[in-house]
Protein chains: 2
Amino acid sequence: MCLIMEVGFGGGGGGGENNDVLVPPTNFSMAEEGIYRSGLPQPDNFGFLRTLNLRSIVYLCPEPYPEENLKFLAANNIRLFQYGIEGKTGSIPSSSIMEALKILIDVRNHPVLIHCKRGKHRTGCLVGCLRKFQNWCLTAVFEEYQRFAGVKSRSTDLAFIEKFDSVCLRQCLYSLIYHYQGYGSNKRRLLYREENLQKSRVTSR
Amino acid sequence: MCLIMEVGFGGGGGGGENNDVLVPPTNFSMAEEGIYRSGLPQPDNFGFLRTLNLRSIVYLCPEPYPEENLKFLAANNIRLFQYGIEGKTGSIPSSSIMEALKILIDVRNHPVLIHCKRGKHRTGCLVGCLRKFQNWCLTAVFEEYQRFAGVKSRSTDLAFIEKFDSVCLRQCLYSLIYHYQGYGSNKRRLLYREENLQKSRVTSR
């Protein structure tokens, strides 16, 4: 969502080629650079989603992904990662959250959109765990969860977030870094481009 | 807030140099790449704010900026833009919002944090106008406003956002683009770096 390009760069003098009103999905927000969250996108949200240039979607429901959404993903070269978490049981499997977090922290998957059905509980839990990983205090994590859940806030979700073991996630992260960058003093942020460069170097040998 | 760097890159094997819990300001959120929003930051939020590498702050209250916050800005080389909007009158001056928007859309000021006192009304109006500028439908603009204002949502604010003339803002934007890039077919996103490059070219002649 580049602000200045949004107004219609590349065209003639006065813009005008992008005057359609954009309809973000319900409960849409940017959680982090390259990480968005929302409820289930409907077809009238596809125009908006196109402006995000998504590379992947993390879908947190057990139901099959809707046919129209699958077509949108195929047409826009977006990869789907599905972690089926039941919406009503109240017990979130931490293994699914952990796997989803690994997708989120890997910038090669960015920009990524996390969504469940309403963008409140499952998405809220995943973003909450991401915040713990980022060392946010629990007060701020809960404030953010409640901003999206509103009156539907669940204490079982908050307890899940509180108990979630971010130390374990750090270990996963280090293994990810090791896999792509090796240990040592020259560790850098993992960039998709860099990995591609490395790949092409290997190929051209 | 680079995710992977957050865990403690550049240090030894196991991280550990950044284990302090981070305390984001109340009502903190990322509105857009390079644009954050919140309530008034308190001293215990400064550690968190440092992770954002802010270049500027847009402050929307008429009260003088708190002494401690001024010191934080000076120590971190952050520029303050103040647009004094009264908190309780209910009538938002659109000229102040327009000037603040010009700061927001100019990426040379990014990363920028917008804040008033609680991050609900004045900040909500400014972000709402930004969304109109981005062509968001009014339903989504209002949903976002209400997510932050909660039970304190004001219909006067919503009416202000609805009436706000984004066409005028587009004209301001074009004048900004013209100032830095000129008209023509090679218009690109305005980048701080590019402007600096141009400056140094001029200097070295």
Side-chain angles (χ1 to χ4, degrees), chain A residues 1-15 18-35 44 48 51 104-107 110 130-131 133-141 143-144 146-148 150 169-170 173-174 176-177 183 185 187-190, chain B residues 1-15 18-35 44 48 51 104-107 110 130-131 133-141 143-144 146-148 150 169-170 173-174 176-177 183 185 187-190:
Chain A
M1 276 196 293
C2 163
L3 287 179
I4 290 191
M5 288 184 73
E6 198 81 30
V7 229
F9 255 169
N18 188 17
N19 280 335
D20 283 348
V21 167
L22 297 169
V23 185
T26 184
N27 250 342
F28 173 81
S29 181
M30 190 172 201
E32 197 60 53
E33 203 181 312
I35 305 182
D44 66 346
F48 173 79
T51 69
L104 292 189
I105 61 174
D106 189 338
V107 292
H110 291 192
L130 175 71
R131 297 314 188 186
F133 173 61
Q134 291 180 286
N135 258 342
W136 282 32
C137 67
L138 216 48
T139 309
V141 175
E143 188 195 277
E144 183 179 42
Q146 278 156 342
R147 200 183 298 139
F148 290 88
L169 182 71
R170 278 163 197 262
L173 176 68
Y174 288 125
L176 195 73
I177 292 165
Y183 286 123
S185 57
K187 290 178 201 165
R188 280 172 306 151
R189 188 179 182 186
L190 183 62
Chain B
M1 279 195 292
C2 163
L3 287 180
I4 290 190
M5 288 184 74
E6 199 81 30
V7 230
F9 255 167
N18 189 17
N19 280 333
D20 283 349
V21 167
L22 297 169
V23 185
T26 184
N27 250 340
F28 173 82
S29 182
M30 190 170 201
E32 196 61 53
E33 204 181 313
I35 305 181
D44 66 347
F48 173 79
T51 70
L104 292 189
I105 61 174
D106 188 338
V107 292
H110 291 190
L130 174 71
R131 298 313 188 188
F133 172 61
Q134 293 180 285
N135 259 343
W136 282 31
C137 67
L138 216 48
T139 309
V141 176
E143 187 195 277
E144 184 179 43
Q146 278 155 341
R147 199 181 300 139
F148 290 88
L169 182 70
R170 280 165 194 261
L173 176 67
Y174 289 125
L176 195 73
I177 292 165
Y183 286 122
S185 57
K187 290 179 203 166
R188 279 172 307 151
R189 188 182 181 185
L190 182 61

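Please read all numbers here as calculations on a predicted model, not as lab measurements. Excluded from the calculations below are hydrogen atoms, water molecules and symmetry mates; all remaining heavy atoms, backbone and side chain alike, are included. Labels below follow one simple rule: chain letters A, B, ... track the order of the sequence lines, proteins then strands, and each chain is numbered from 1.
Closest approach of E32(A) to M30(B), counting heavy atoms only: C-SD, 3.6 Å. Minimum interatomic distance between D20(B) and N135(A) (heavy atoms only, all atoms of both residues): O-ND2, 3.7 Å.
In this structure E144(B) satisfies the side-chain hydrogen bond (donor to acceptor under 3.5 Å, both in side chains) test together with R131(B), sequence neighbours excluded. Taking the side chain to side chain contact (heavy atoms under 4.5 Å, CB included) definition, one finds that S29(A) meets it with R37(A), F148(A), S29(B), R147(B), sequence neighbours left out.
A donor-acceptor contact shorter than 3.5 Å links the side chain of E143(A) to the backbone of N27(B).
With a 4.5 Å cut-off on non-hydrogen atoms, T26(B) touches chain A through its backbone and its side chain both.
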